Colleague: 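Take a look at the following structure, please.
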Amino acid sequence: MKIKLVTFGIAKEIIGAPECNLEVKVPCNIGDLKQILMTQYQEFKKLQSIKFAINENYQEDHFLLHEGDEVVIIPPVSGG
Amino acid sequence: MKIKLVTFGIAKEIIGAPECNLEVKVPCNIGDLKQILMTQYQEFKKLQSIKFAINENYQEDHFLLHEGDEVVIIPPVSGG
Amino acid sequence: MRDIQILETPLNTQSCHDAVADPAAGGIVVFVGVVRNQTKSRKVVQLVFESYVPMALKEIDKIADTLYQKWGILHVSIHHRIGVLEIGEIPVIIAVSTPHRQAAFEACQYAIDTLKKTVPIWKKEIFENGTVWVSAHP
Amino acid sequence: MRDIQILETPLNTQSCHDAVADPAAGGIVVFVGVVRNQTKSRKVVQLVFESYVPMALKEIDKIADTLYQKWGILHVSIHHRIGVLEIGEIPVIIAVSTPHRQAAFEACQYAIDTLKKTVPIWKKEIFENGTVWVSAHP
């Protein structure tokens, strides 16, 4: 199935675009997606942490993805 | 000897004047003065605390007074 | 009053203060973040703040919820700026009013500590010879 | 910058903020006291603040000394108003800037806590049917 990735901060620099589509096997949860990204983009392994948001909420590893989901990659935040 | 008393807040209301002179025996320290005031003005006994300042500094009970000293009565403070 | 904003224009301390003023408030505590001129003795030239704005507003809103529930605050104003900031400019202001002052200090400190951990805003430091996304790497 | 003032005119939060702003500051914490509309559910109409001004300035100065020594602050601004204040007006503002924010919170809280204990300023609450010198009696 196809999901859409949206990126900010250093994740945008690692992926090289503010958004992109990704083809993943079914089933695929957030934890699986994290593994795929770390394999495809070694730079993600060097980050302090990496989180994901769907519908503007953080989601944990076990969260199951669906066709067409928009997943936002949240690298370590540093506001304030 | 004669000392000068300066008052603020509720102390001014108890004494009835912003300043006044007081005749005390020699020697007289701050502790003695406190006793004299509490005897002459019973209202001082009802206060939460009463402190004294000389030359713009708090002074303890053992501090010895001298002729002409200006003693400021400091009732419980409540700034802020 | 719950005044939460992410702005591309300079922030103003007085505005946040005024947003939380109330005759029932005994104390107002305001935290103002400032862009420092150095990090680990390396000279910072500029900063760029980027945000995933709709989620950032939602996360700040959760912080506000906690302030009301846990500290019984009267009002809160949280403004965060994004875009390019020069040294000395203000990226964030948090103002909280409460009936008693102790709660205002605690609530304000909780708000800035939590904002720095959970709100999707990213800071890039621009040095004379390079850039760094703050906190990205261990 | 050590900006200590006792004033008979309205206080201004922005002034105290501006007095402590510094490009080396990572955070500024401002505490603003406000005249509340009630004390123990009794309605306050007005307040009168009186001070032994030269000693009050000296005692506030001692507080500032401690802020520099114990918390390594960059700047402090403490303004206290005296005279007649209406509900919602500001009797005191304390602004502190530090390189890191935690110290600013602690220093600011220490300053207001200590000011309320040691500085010769007295507050009289005017109710509709009487007056009370705050904290005078147990």
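In this text the structure is predicted, and so the values were computed from the model without any measurement.
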Colleague: Among Val92(C), Ile93(C), Asp113(C), Asp22(C), which has the most heavy-atom pairs under 4.5 Å with chain D?
Modeller: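 The option with the most such pairs is Asp113(C).
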Colleague: Side chain, backbone, both or neither: which part of Ile90(C) has an atom under 4.5 Å from a heavy atom of chain D?
Modeller: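 Side chain only.
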Colleague: Less than 4.5 Å apart, side chain to side chain, heavy atoms only: is that true for Arg36(C) and Pro99(D)?
Modeller: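 Arg36(C) reaches Pro99(D) side chain to side chain.
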Colleague: Applying the ring-ring contact (aromatic ring centres under 6.0 Å, His included) criterion to Phe105(C), which one of Tyr110(D), Phe31(D), Phe105(D) satisfies it?
Modeller: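 When ring-ring contact (aromatic ring centres under 6.0 Å, His included) is applied between Phe105(C) and each of Tyr110(D), Phe31(D), Phe105(D), only Phe31(D) qualifies.
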Colleague: Specify the closest pair of heavy atoms between Val34(C) and Ala25(D), including all atoms of both residues, with the distance to one decimal.
Modeller: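 Nearest pair, atom of Val34(C) first, then Ala25(D): CB-O, 3.3 Å.
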Colleague: Please, which pairs that meet ring pair (Phe, Tyr, Trp, His ring centres under 6.0 Å) have at least one residue in residues 44-66 of chain D, sequence neighbours excluded?
Modeller: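 Counting only pairs at least two positions apart or across chains, the ring pair (Phe, Tyr, Trp, His ring centres under 6.0 Å) contacts touching residues 44-66 of chain D are Phe8(B)-Tyr52(D), Phe49(D)-His80(D).
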Colleague: Only pairs of heavy atoms separated by less than 4.5 Å count here; which of Ser97(C), Cys108(C), Ala104(C), Gly88(C) has the most with chain D?
Modeller: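 Ranked by contacts with chain D, first place is Cys108(C).
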Colleague: Picking from Val32(C), Asn12(C), Val30(C), what satisfies side-chain contact (heavy atoms from CB on, under 4.5 Å) with His17(D)?
Modeller: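 Result for side-chain contact (heavy atoms from CB on, under 4.5 Å) with His17(D): Val32(C).
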Colleague: Can you tell if the side chain of Gln109(D) reaches within under 4.5 Å of the side chain of Gln102(C), non-hydrogen atoms only?
Modeller: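 Result yes, sub-4.5 Å side-chain heavy-atom pair found.
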Colleague: Contact part of Asp18(D) toward chain C, heavy-atom cut-off under 4.5 Å: side chain, backbone, both or neither?
Modeller: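 Answer is neither: Asp18(D) stays 4.5 Å or more from chain C.
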Colleague: Considering only heavy atoms, which portion of Ala21(C) lies under 4.5 Å from any heavy atom of chain D: side chain, backbone, both, or neither?
Modeller: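 Neither part, no heavy atoms under 4.5 Å.
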Colleague: Atom NZ of residue position Lys62(C) - does it have more than 12 heavy atoms of other residues, nucleotides or ligands inside 6.0 Å?
Modeller: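 Above 12, so yes.
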Colleague: Who wins among Thr13(D), Val35(D), Val29(D) for the most heavy-atom pairs under 4.5 Å with chain C?
Modeller: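 Highest number of heavy-atom pairs under 4.5 Å: Thr13(D).
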Colleague: If you look at every heavy atom in Asn37(C) and Ala24(D), which pair is closest and at what distance?
Modeller: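 Where Asn37(C) meets Ala24(D) most closely, the heavy atoms are OD1-CA, 3.8 Å.
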